[in-house]
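Here is the structure we will look at.
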2 protein chains.
Amino acid sequence: MNLKQLSELLGLSQTTVSRALNGYPEVSEATRERVLRAVKETGYRPNKAAQRLATGKAGSIGLVMPTAPGHQSDVHFGEFLAGLGEEAVRHDFHFVIMPADPDDEVAALRRLAISGNVDALFVAYMRGHDPRLAMLKSLSMPFVVHGRSFGSEPDYPYLDIDNEAAFYEAARLLLQLGHTRFALMNGPAHLDFAIRRRNGLIAALDERGLELAEDCTSHTVMSDEEGLIAMERFLQLAERPTAILCSSTVLALGAIRAVNQAGLKLGEDISLIAHDDVLPLLKPENFSVPLTTTRSSLRAAGVRIAQRLIGTVKQAGSFPEQELWKTELIVRASTGAAPQS
Amino acid sequence: MNLKQLSELLGLSQTTVSRALNGYPEVSEATRERVLRAVKETGYRPNKAAQRLATGKAGSIGLVMPTAPGHQSDVHFGEFLAGLGEEAVRHDFHFVIMPADPDDEVAALRRLAISGNVDALFVAYMRGHDPRLAMLKSLSMPFVVHGRSFGSEPDYPYLDIDNEAAFYEAARLLLQLGHTRFALMNGPAHLDFAIRRRNGLIAALDERGLELAEDCTSHTVMSDEEGLIAMERFLQLAERPTAILCSSTVLALGAIRAVNQAGLKLGEDISLIAHDDVLPLLKPENFSVPLTTTRSSLRAAGVRIAQRLIGTVKQAGSFPEQELWKTELIVRASTGAAPQS
DNA sequence: AATGGCTTCCAAAGCGCTTTAAAATATGTA
DNA sequence: TACATATTTTAAAGCGCTTTGGAAGCCATT
């Protein structure tokens, strides 16, 4: 069933039917209803490709998904997507996902943009000096980045959390508790959030004349396994750290196992604060020792970015270009006073 | 830059340029190279919407993503998507993801199909007597189902793992170890895999004249938290189960915490076998007591389904309609002889 | 009856591509 | 040289929609 057939069925022109469907005023309420009823009965749906060709728009937001045979999938990606989806479904928007090798992301993004089947772009996994920014700006297509790019002028539309403040505050709490030996379990070093969280921690330490030792820093993929490995390494150090900042609850999972295996008590021998993206499968309050966290919902960020993206495409209202969300510092049992020694 | 402009630039007709690009034989090698070079220089990319309108195809596979304000995102979804993506990127295919309320899945699937912007459909989260099957069959669009639908004639293209055999074998192992009191921590009861795993367990128990008690069965979303809750319930039973079958390593995570909190030893007081989808962030060999598992890679399944879907769309070779993969039973330390009591 | 202003509808062009049918050019044969 | 055949190129139609620029119908005013 296409427009032509539907209009013939109704004895109307394609124009009229199209207008009735798209809410144009120059069609009587009587005929509009007649059209709508026919649509219900026949199950007619406009062909999106044709619609896009005619209008240049078809209600889709594009994103590239890094993937490769060795490449680990990322829980955070799924959770964020759920947020985007939650908003998209309200506006009948869909996603076009272009899988791409992580080394090929900038080219993939360009391909996606000029393929002409997305109205707007979403970009994540931002790095320091991210090369995608220049390309995006040259594109004249709406986009929003999740995160920022350390070292680039912040003149692009983004939504980010204040990673620096988050880890600064977390470190301050631990300092107040008397800790002096810190370690950081971070995400991959080139990623923006990792850079900023590290900076936040360093800033707080610096205020007390402390330093973050090189061997008390790990930058890894954020998996359970890497968390375990990193923590094991920390625990074997001569000057064992007592305060750990951890970029993800997933990393914390492994880290805590290492703590337990070493026969140490979390919240007594070792204090740990993790960043919590509010992953539904891993709640910090349910850990055997509930985790102190810096919290910000990844999913909420997804919803908000979808709002901005869709709003811009539909030209419905205007939005702030830059948003920086504060994280919450939630104190639970994994943090305690520094052990005497 | 569009075809017309490109052809004018080259002094050729659109036809010739189009043919050169699409590998048709009726164009000389000389001109083909000339065209290809111009494409490189100008960065021309055909408009996918126009291509789709003209050919009916544009290299996309469609899927609906269940999402709603309360709806939890699912790690398994992300991991599967990574598998699909790994294959899709090799063929320059992309995904069109339609987010939809879980209650609206069959309608969403239909909308996606007749929207005319996908070439094939992928369907997951199969239920018993799944209503989507009838719709899919009526659609004349290629599709592959991940999983099966218990109670429906298996005459549709699917790829599934042998869930029944997996849990049957797992239960047999535990029976051989002397266990007689079993419990099952399963996924949502209406899902096909949950039905079959339960059946597998029941079949094995039945051979020994044993039964699976109602209060030793839990059907929940597969999260850490639910695992903890379910296991706590089991441990409070008068006749405490000693053998646990668990549908996910994520559930196991919570379950094990409950075991530890109760002061019990995994692999001694309680034996547990979990199904392992090979999620990169949660490796069963890294659990503090390494987990015995039934294993099958979700990601590999994604790759395979993408192969079949893309192969069918491109009409490149033929594929088996139905595939049933065996799982591996991998014995680690979380299973041991039944405790004397 | 003629004019103007609304409302309601329509014919046709155009979005950027593919593909059919036909034309132009090159090659081989009698 | 003329003709048939093969090769290379092109003009134009069509995919299903939106939208521009009119036209037709209806009413109230002059």
Side-chain angles (χ1 to χ4, degrees), chain A residues 1-36 38-39 42-60 92 111 113-119 141 313-315, chain B residues 1-36 38-39 42-60 92 111 113-119 141 313-315:
Chain A
M1 172 67 61
N2 59 24
L3 224 214
K4 190 170 172 195
Q5 294 168 345
L6 181 66
S7 62
E8 278 166 4
L9 191 100
L10 284 162
L12 291 172
S13 75
Q14 298 190 36
T15 312
T16 305
V17 177
S18 170
R19 285 187 163 147
L21 257 33
N22 295 312
Y24 281 68
E26 50 273 81
V27 51
S28 69
E29 269 317 303
T31 44
R32 190 188 304 277
E33 269 180 32
R34 210 155 70 84
V35 169
L36 257 27
V39 166
T42 59
Y44 165 80
R45 285 270 142 186
N47 180 303
K48 287 277 181 190
Q51 224 164 23
R52 162 167 296 283
L53 195 54
T55 60
K57 313 228 153 291
S60 62
D92 198 25
R111 282 204 305 278
I114 62 184
S115 78
N117 57 30
V118 301
D119 301 326
M141 171 174 289
V313 169
K314 288 190 164 177
Q315 304 189 309
Chain B
M1 172 68 61
N2 60 22
L3 224 213
K4 190 171 174 193
Q5 295 168 345
L6 181 66
S7 62
E8 278 166 4
L9 191 101
L10 284 161
L12 291 172
S13 74
Q14 298 190 36
T15 312
T16 305
V17 177
S18 169
R19 285 185 163 149
L21 257 34
N22 295 312
Y24 280 67
E26 51 273 80
V27 51
S28 68
E29 270 316 304
T31 44
R32 190 189 304 278
E33 269 180 33
R34 210 156 69 83
V35 170
L36 256 27
V39 166
T42 59
Y44 165 79
R45 285 270 142 185
N47 180 303
K48 288 275 183 190
Q51 224 163 24
R52 162 167 298 283
L53 195 53
T55 61
K57 312 226 154 291
S60 62
D92 198 25
R111 282 205 305 278
I114 63 183
S115 78
N117 57 31
V118 300
D119 301 325
M141 171 173 290
V313 170
K314 286 190 165 178
Q315 303 189 310

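We name chains A, B, ... by the order of the sequence lines, and we start the count at 1 in each one.
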List the residues meeting side chain to side chain donor-acceptor pair (under 3.5 Å) with [X], not counting sequence neighbours, and say none if there are none.
X: B/S28; answer: B/T31
X: B/S115; answer: B/N117
X: B/T16; answer: B/S13

Roughly how bent is the helix from C/dA1-D/dT30 to C/dA30-D/dT1 end to end, in steps of 10 degrees, with each end axis from five pairs? 70°

Check: A/R52 and A/S60 side chains under 4.5 Å, non-hydrogen atoms: yes

Between A/L21 and A/V17, is any pair of side-chain heavy atoms under 4.5 Å apart? yes

Could you tell me whether A/K57 atom NZ has more than 12 heavy atoms of other residues or ligands within 6.0 Å of it? yes

What's the spacing between A/T42 OG1 and A/L9 CG if we round to 0.5 Å? 7.5 Å

Between CZ on residue A/R45 and CG on residue A/L6, distance to nearest 0.5 Å: 12.5 Å

Distance, rounded to the nearest Å, where [X] contributes [atom1] and [N] contributes [atom2]:
X: A/L53; N: C/dC15; atom1: CG; atom2: P; answer: 9 Å
X: A/R52; N: D/dT18; atom1: CZ; atom2: P; answer: 13 Å
X: A/K57; N: C/dG16; atom1: NZ; atom2: P; answer: 13 Å
X: B/Q5; N: C/dC15; atom1: CD; atom2: P; answer: 11 Å
X: B/L6; N: D/dT10; atom1: CG; atom2: C1'; answer: 16 Å
X: A/R34; N: C/dC9; atom1: CZ; atom2: P; answer: 9 Å
X: A/R32; N: C/dT7; atom1: CZ; atom2: P; answer: 14 Å

Where do N or O atoms of nucleotides 17-19 of chain C meet protein N or O atoms at under 3.5 Å, pair by pair?
unit_1	atom_1	unit_2	atom_2	d
C/dC17	OP1	B/Y44	OH	2.9
C/dC17	OP1	B/N47	N	3.0
C/dC17	OP2	B/L3	N	2.3
C/dT18	OP1	B/N22	ND2	3.1
C/dT18	OP1	B/Q51	NE2	3.2
C/dT18	OP2	B/S18	OG	2.6
C/dT19	OP2	B/Y24	OH	2.4
C/dT19	O4	B/T15	OG1	3.1

Quick one: which residue pairs count as a salt bridge (charged side-chain N to carboxylate O under 4.0 Å, His left out) with a foot in residues 23-35 of chain A, not counting sequence neighbours? A/E29-A/R32

Where each residue is assigned the nucleotide of DNA chain D containing its nearest heavy atom, which of A/A49 and B/E26 is assigned the position nearer the 5′ end? B/E26

